[in-house]
Protein chains: 2
Amino acid sequence: MNEEFINDLSKNLGRVKANTMADDVEVKLRQYLKKMSLKPGDPLPKETDLAEALGVSRNVVREALSRLRMLGMIETRKRKGAVLASPDILLAFERVLDPLLIDDITLRDIFELRLVLEMGLADLLYARMTEGDIDELEKIANSEINKDKSFLVKNEIAFHGKLYEMTGNSTLKRFQIMLLPIFAYVITLVNKPYSGKVDHRGLVDILKNGTKEDFKKGMYEHLKPHFDRLK
Amino acid sequence: MNEEFINDLSKNLGRVKANTMADDVEVKLRQYLKKMSLKPGDPLPKETDLAEALGVSRNVVREALSRLRMLGMIETRKRKGAVLASPDILLAFERVLDPLLIDDITLRDIFELRLVLEMGLADLLYARMTEGDIDELEKIANSEINKDKSFLVKNEIAFHGKLYEMTGNSTLKRFQIMLLPIFAYVITLVNKPYSGKVDHRGLVDILKNGTKEDFKKGMYEHLKPHFDRLK
DNA sequence: TTTGCTATTATGTACTACAAATATAGTAAG
DNA sequence: CTTACTATATTTGTAGTACATAATAGCAAA
């Protein structure tokens, strides 16, 4: 069969995709929001007016609005109509970040992104961390002695989450929360217990006594076993 | 006025948000995709069947499908129906990454994320870069002598893009492309010419002769002036 | 000033109808 | 056996109508 060939061809050529009207309207609405420089809370025209102005049916307008609503760009209330919301950057990401739907290569790429990110945290951590932060981290790390596996996973999340939190960068923190399902999935890939060269208490020690560069090395060793599980 | 009181109350209680049927159907469809563990290319039931099975109108089903289509999770063709696509993680991100719609704090956070990321690139670069890569980088860096500003912006993008490309991590590369509008916007915030302590040729020199740690320091100095523009 | 009722209005949902595209089958030609 | 053409069936895409539902604004009543 030449099925693979076709598949390959299709990938190289890219598919011809006839835009639907909903696609066009979506774009036009985005342009409208920008052009009018609306602030959060400002109202949009009602659906029937939009439909008439754009020369499409209300159905089409509703599809486009439905998309924007899903992304948190607008909110709609009965009788009042649609209003611009405070757009939430990461909401969209969460919608597609399902590990089961992501191919292995991308999964590996994303995990590598985490590796880069968490090693990079060092620079922010050493600039911003407080005594209280360290204490809290240490408490988390110490609580994981002789616990079962499901607890360890939760603790893993708590520990790394705290690290992100310490950066004071809330977008970074939310980015991590978003990526959590991916990492949780990676952990389940193999059922032998996790055992990196450097554990959480090791990382805390480094934060207390070591250098930035030590921390990066430590984090690399800490995450490496996970990474190796991905083929 | 008791306006503050109301505002406070609203924040503590959270807003009631009545889910529309399209929201529910969207969730159900996602669950369906997972449950059936469909592979890219596998077909979905046709709209009328979905509508009947879910007990909703075809309109509602179409709204939900429209959302999934926007995110690149499915593709639909006339007569054939909808099929699961290779979901594109970053497509969703692009939909909300409009610098004009992002508030200043998030903008700053994202730029910081870039900073962390590009400093972290060092670890991948030193492991994977080739002679050819360095040559190409050098060519880009050398081409920017005595050029006007719009050229410099393009070159800035080319140079950093090449760095991401050298990591061999295509998700990382696309992540950068996605964030470009943000950085381009940041550059336009101030019109005095860009002048970091370390320029592109400096970075190339470091890659040729310096250490990982040198590169991180260099990248920090290179990006710092941009960062400082954000308030 | 607060509460209760009522009319109004925009969104939410359902349904019907048809246009447009295209996979499939079938047939003929080379 | 491959290619070309044709016809048919089927599914998405768009339009339009109708009504349910919820929220607003205004007025009435306490």
Side-chain angles (χ1 to χ4, degrees), chain A residues 1-3 5-7 9-10 13 15-29 32 38 41-85, chain B residues 1-3 5-6 9-10 13-29 41-85:
Chain A
M1 252 339 202
N2 63 348
E3 199 170 309
F5 172 70
I6 296 295
N7 222 313
L9 232 181
S10 163
L13 287 171
R15 266 209 101 71
V16 284
K17 45 163 189 273
N19 276 5
T20 67
M21 292 206 169
D23 294 328
D24 292 346
V25 171
E26 187 202 333
V27 172
K28 293 232 182 196
L29 285 179
Y32 176 84
L38 296 184
D42 290 349
L44 273 68
K46 65 185 186 191
E47 295 177 355
T48 51
D49 287 349
L50 285 173
E52 198 174 344
L54 292 163
V56 298
S57 80
R58 194 178 146 221
N59 250 336
V60 171
V61 171
R62 278 189 62 77
E63 270 193 36
L65 288 174
S66 181
R67 295 176 178 189
L68 300 187
R69 210 172 43 236
M70 175 188 61
L71 298 178
M73 295 177 70
I74 62 172
E75 284 171 9
T76 58
R77 313 262 299 278
K78 293 202 173 176
R79 159 84 194 235
K80 194 177 181 186
V83 299
L84 188 63
Chain B
M1 253 334 203
N2 62 348
E3 198 169 311
F5 173 70
I6 296 294
L9 231 182
S10 163
L13 286 170
R15 267 207 100 74
V16 285
K17 46 163 190 271
N19 274 7
T20 67
M21 293 206 168
D23 294 328
D24 292 346
V25 170
E26 187 203 332
V27 172
K28 293 233 180 197
L29 286 179
D42 290 349
L44 273 68
K46 65 185 186 190
E47 294 177 355
T48 51
D49 287 350
L50 286 172
E52 199 174 342
L54 292 164
V56 297
S57 78
R58 197 180 143 220
N59 247 339
V60 170
V61 171
R62 279 188 61 78
E63 271 194 36
L65 288 175
S66 181
R67 296 177 178 188
L68 299 187
R69 212 174 40 239
M70 174 188 63
L71 299 178
M73 294 177 69
I74 62 173
E75 284 172 10
T76 58
R77 313 259 301 277
K78 293 199 174 176
R79 159 86 194 235
K80 194 177 182 184
V83 300
L84 188 63

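Just so you know, these numbers use all the heavy atoms, side chains as well, and skip hydrogens, waters and symmetry mates.
Applying the salt bridge (Lys or Arg N to Asp or Glu O under 4.0 Å) definition to pairs two or more places apart or across chains, those involving residues 42-52 of chain A are A:Glu47-A:Arg58, A:Glu47-A:Arg62.
Under the 4.5 Å side-chain criterion, counting only non-hydrogen atoms from C-beta, B:Thr76 is not in contact with B:Leu65. Counting heavy atoms from C-beta on, the side chains of A:Arg67 and B:Arg69 come closer than 4.5 Å.
As rounded to whole Å, 13 Å separates atom P of D:dT14 from atom CG of A:Leu54.
Note: B:Leu54 CG to B:Asp24 CG = 10.0 Å, rounded to the nearest 0.5 Å.
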Practice task
Using the side-chain contact (heavy atoms from CB on, under 4.5 Å) rule, take B:Ile74 and B:Leu29 through it: C-alpha gap first, then chi angles, then the decisive distance, then the call.
Solution key: CA-CA 11 Å; B:Ile74 62 173; B:Leu29 286 179; over 6 Å; no
Practice task
Do nucleotides 4-13 of chain C as a string where each nucleotide becomes B, S or -: B if the base has a protein heavy atom under 4.0 Å, S if just the sugar-phosphate does, - if no protein is that close.
Solution key: ----BBBBBB
